[in-house]
Amino acid sequence: MSISSGSHEDFKRDCEKAVATRKLIGCYTHQINDYVQVIIGNSEIACDLVCSNVPVRKHLDEILCAARRIGSATCKLLSLKEE
């Protein structure tokens with residue numbers, strides 16, 4: 001069974017698309033992770049400065065929790081890039 005030239009070219013193009021997609025995922029994921037780390041760092045500082053019984057503390061905790069979930073998701077995306 002031989003592979004026709006057309007299907008070989010299609011396979012090559014598909015591989016190139018997959019590589020480009022992984023690079024794009026990696027680039028954007030790293031940028032998102034950088035922003036998330038800033039949010040986490042500033043949220044932690046704010047939480048340290050605000051007593052737990054102050055109403056705004058609940059919102060700071062929610063921001064921190066959401067940022068950590070986003071950070072976890074970006075790690076999963078980065079692992080897809082490596083596959």
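All of these numbers come straight from a predicted model, not from anything done at the bench.
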Quiz item: Under the salt bridge (Lys or Arg N to Asp or Glu O under 4.0 Å) test, which residues partner Arg69, sequence neighbours left out?
Solution: none
Exercise. List the atom of Ala67, the atom of Ile40, and the distance in Å for their closest heavy-atom pair.
Key: CB-CG1, 3.5 Å
Self-check item: Ile45: hydrophobic cluster co-members (side-chain, 4.5 Å)
Solution: Leu49
Give every donor-acceptor pair under 3.5 Å between a side-chain atom in residues 50-63 and any protein atom, sequence neighbours left out.
from  : atom 1 : to    : atom 2 : distance (Å)
Arg57 : NE     : Asp61 : OD1    : 3.0
Arg57 : NH1    : Cys47 : O      : 2.9
Arg57 : NH1    : Val50 : O      : 2.9

Quiz item: So which pairs with a foot in residues 27-36 pass salt bridge (Lys or Arg N to Asp or Glu O under 4.0 Å), sequence neighbours left out?
Solution: none
Quiz item: Taking only residues two or more places apart in sequence, or in another chain, which ones meet Ile32 in a side-chain contact (heavy atoms from CB on, under 4.5 Å)?
Solution: Val36, Ile70, Thr74
Exercise. Not counting sequence neighbours, which residues clear side-chain hydrogen bond (donor to acceptor under 3.5 Å, both in side chains) with Gln31? List them please.
Key: none
Self-check item: Interatomic spacing from OG1 in Thr29 to NZ in Lys76 - rounded to 0.5 Å
Solution: 13.5 Å
Quiz item: How would you list all residue pairs meeting side-chain hydrogen bond (donor to acceptor under 3.5 Å, both in side chains) that involve residues 38-49, not counting sequence neighbours?
Solution: Glu44-Arg68
